[in-house]
Trainee: 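Let me begin by handing over the structure; questions about it come next.
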There are 2 protein chains.
Amino acid sequence: MSHEFERETLNRYLGEHNLKHTRQREIILEAFLESKGHVSSEDLYQTIRSDNPRIGYTTVYRTMKLLVEAGLAEERNFDDGVTRYEIEHEHHDHLVCTLCGKIVEFESALIEKTQSDIAERHGFNILRHRHELYGHCAACRDD
Amino acid sequence: MSHEFERETLNRYLGEHNLKHTRQREIILEAFLESKGHVSSEDLYQTIRSDNPRIGYTTVYRTMKLLVEAGLAEERNFDDGVTRYEIEHEHHDHLVCTLCGKIVEFESALIEKTQSDIAERHGFNILRHRHELYGHCAACRDD
DNA sequence: TTCGGTGCAAAAGATTTGCATATGT
DNA sequence: ACATATGCAAATCTTTTGCACCGAA
């Protein structure tokens with residue numbers, strides 16, 4: 001899947017919301033799509049900076065929020081006080097290595113089902129959840 | 001269970017670590033134990049303030065970290081940028097109402113087991129995890 | 001007396017906001 | 001032309017630190 005599809009989604013969103021298609025937004029979307037995911041606005045700002053010194057970090061922060069609004073990005077927090085973004089795709093949770101920072105995605109229908117049961121039992125209507133397992137990955141355990 | 005037990009735990013900890021037993025620490029521990037749990041340092045500071053205007057918020061922040069060290073408190077974060085503390089007790093996770101802020105604890109052996117399996121499958125050695133379900137509680141859904 | 005503790009003010013770090021200017025449409 | 005976007009600086013917000021003074025042991 002090329003990036004064309006994503007870019008089109010953004011353009012449609014911009015059009016539908018009276019927002020302008022700017023060079024900065026294009027550059028930021030590009031950098032985001034090319035990232036491995038789980039990048040912070042600061043990461044993207046640093047990456048973009050070298051080729052585009054005139055771009056402001058404020059614009060990156062604002063644009064990432066916009067991408068979330070547009071449904072292209074999803075916000076994630078991994079307990080280190082930095083907001084990270086990943087390309088929106090099917091629901092999943094994360095394993096995080098606290099030594100090297102490696103992030104692995106996982107998904108469990110059984111856990112999802114159990115969550116629903118628990119929520120129902122407590123009368124809650126669940127809108128979203130966070131589920132993160134923190135520890136040491138195989139590579140780090142060998143050191 | 002009275003608070004005497006907890007206070008003794010703190011005193012033992014203080015003694016074992018060459019730390020002093022101060023009036024402030026006593027006041028803060030008292031306020032913490034009397035809270036319903038899931039309180040922030042700021043919450044405690046405000047509560048304590050009325051009776052003890054001379055206490056500094058810095059001391060509250062520092063003391064809460066100390067209580068965590070001592071094993072009396074546990075740190076929690078619920079996505080609103082504020083660190084909360086609860087009285088340390090058996091492991092559990094949380095349901096959070098995003099409308100009224102209500103926090104309900106839950107525990108599931110099935111989920112714990114599934115988590116272990118997933119971690120093992122990915123070669124991770126899990127040290128801790130976060131699992132929070134966000135939504136609307138029964139009371140708020142009725143409004 | 002001697003360290004650790006406290007309180008204030010200032011610093012930090014991530015993110016947001018005010019505002020004058022620049023730029024899509 | 002007009003409304004939105006940008007970029008810089010300054011403001012926020014929560015938590016941490018530096019430092020002179022205080023107080024427990």
Side-chain angles (χ1 to χ4, degrees), chain A residues 7 10-32 38-49 51-70 73 75-85 101, chain B residues 7 10-32 38-70 73-85 101:
Chain A
R7 198 187 308 277
L10 177 63
N11 286 336
R12 175 157 27 78
Y13 180 85
L14 294 176
E16 286 168 358
H17 294 259
N18 273 100
L19 300 174
K20 294 172 183 171
H21 175 173
T22 66
R23 174 140 180 62
Q24 287 88 331
R25 286 175 177 172
E26 181 130 340
I27 291 169
I28 295 166
L29 172 63
E30 189 70 28
F32 173 58
H38 309 115
V39 284
S40 64
S41 292
E42 178 66 21
D43 290 338
L44 288 172
Y45 172 60
Q46 292 304 339
T47 302
I48 292 169
R49 215 181 201 298
D51 290 330
N52 309 272
R54 306 288 338 253
I55 209 160
Y57 60 88
T58 307
T59 303
V60 180
Y61 274 94
R62 281 191 284 229
T63 302
M64 289 317 295
K65 294 223 163 280
L66 185 115
L67 294 185
V68 171
E69 294 285 303
E75 236 182 85
R76 296 282 188 172
N77 277 83
F78 296 115
D79 275 3
D80 60 354
V82 185
T83 300
R84 270 169 243 275
Y85 296 90
Chain B
R7 197 188 307 276
L10 178 62
N11 287 336
R12 175 157 26 78
Y13 181 85
L14 293 177
E16 285 167 358
H17 293 259
N18 274 100
L19 300 174
K20 292 173 182 170
H21 176 172
T22 67
R23 174 138 180 63
Q24 286 89 331
R25 287 175 177 171
E26 182 130 338
I27 291 168
I28 295 166
L29 172 62
E30 189 69 28
F32 173 56
H38 309 116
V39 285
S40 65
S41 292
E42 179 66 21
D43 290 338
L44 288 172
Y45 173 59
Q46 293 304 339
T47 302
I48 293 170
R49 216 180 200 298
S50 43
D51 291 329
N52 310 271
R54 306 290 335 256
I55 209 159
Y57 60 87
T58 307
T59 303
V60 180
Y61 275 94
R62 280 191 285 229
T63 301
M64 291 317 294
K65 293 225 164 277
L66 187 119
L67 295 185
V68 171
E69 294 284 304
E74 198 164 338
E75 236 181 85
R76 297 280 188 175
N77 279 82
F78 296 116
D79 274 3
D80 60 354
V82 186
T83 300
R84 271 168 242 275
Y85 295 90

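Quick note: numbers below take in every heavy atom, side chains included, and nothing from hydrogens, waters or symmetry partners. Order of the sequence lines fixes the chain letters, A, B, ..., with proteins taken first and strands second; residue numbering starts at 1 for each chain.
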Trainee: What distance separates N18(B) CG from K20(B) NZ, expressed to the nearest 0.5 Å?
Mentor: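 The CG atom of N18(B) sits 10.0 Å away from the NZ atom of K20(B).
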Trainee: 5' to 3' on DNA chain D, which nucleotides open and close the contacts with chain B (atom under 4.0 Å from a heavy atom)?
Mentor: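 Contact boundaries, 5' end first: dT14(D) to dA25(D).
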Trainee: Looking at CZ of R84(A) and NE2 of H38(A), how far apart are the two atoms once the value is rounded to the nearest 0.5 Å?
Mentor: 9.0 Å
Trainee: When you measure from every atom of DNA chain C, which of residues 54-66 of chain A have a heavy atom less than 4.0 Å away?
Mentor: Y57(A), T58(A), Y61(A), R62(A), K65(A)
Trainee: Does the R7(A) side chain pair with the main chain of L29(A), one donor and one acceptor, at a distance under 3.5 Å?
Mentor: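 It does not hold such a pair.
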Trainee: With sequence neighbours excluded, tell me which residues meet ring pair (Phe, Tyr, Trp, His ring centres under 6.0 Å) with F78(B).
Mentor: H94(B)
Trainee: Of the non-hydrogen atoms in N77(B) and V82(B), which two are nearest, and what is the gap between them?
Mentor: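 So the minimum-distance heavy-atom pair works out to ND2-O, 3.9 Å.
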Trainee: Check the distance between dG13(C)'s P and Y45(A)'s OH and give it to me in whole angstrom.
Mentor: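 Value for this atom pair: 17 Å.
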Trainee: Under 3.5 Å, sequence neighbours excluded: what are the donor-acceptor pairs made by side chains of residues 52-68 of chain B?
Mentor:
unit_1 : atom_1 : unit_2 : atom_2 : d
N52(B) : ND2    : I48(B) : O      : 3.3
T63(B) : OG1    : T59(B) : O      : 2.7
K65(B) : NZ     : E75(B) : OE2    : 3.3

Trainee: In whole Å, what is the span from the CG atom of L10(B) to the C1' atom of dG5(C)?
Mentor: 14 Å
Trainee: For E42(A) and P53(B), find the nucleotide of DNA chain C closest to each by heavy atoms; which residue's nucleotide sits nearer the 5' end?
Mentor: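 Going by which nucleotide is closer to the 5' end, it is P53(B).
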Trainee: Run the side-chain hydrogen bond (donor to acceptor under 3.5 Å, both in side chains) test against E42(A) and tell me which residues pass, sequence neighbours left out.
Mentor: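 Partners of E42(A) under the side-chain hydrogen bond (donor to acceptor under 3.5 Å, both in side chains) test: Q46(A).
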Trainee: To the nearest 0.5 Å, how far apart are CG in L10(A) and CD in E26(A)?
Mentor: 8.5 Å
Trainee: For T83(A), report the nucleic acid contact type (base, sugar-phosphate, nothing); a contact means any heavy atom under 4.0 Å.
Mentor: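 Counting heavy atoms under 4.0 Å across all strands, the contact made by T83(A) is with sugar-phosphate only.
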Trainee: Please give me every residue in residues 14-25 of chain B whose heavy atoms get under 4.0 Å of an atom in DNA chain D, ordered by residue number.
Mentor: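 Output list: K20(B), H21(B).
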Trainee: Please classify the nucleic acid contact of S41(A) as base, sugar-phosphate, or nothing, using heavy-atom distances under 4.0 Å.
Mentor: nothing
Trainee: Is there a side-chain contact between Y45(B) and S40(B), using heavy atoms and a 4.5 Å cut-off?
Mentor: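 No - every pair of side-chain heavy atoms lies 4.5 Å or more apart.
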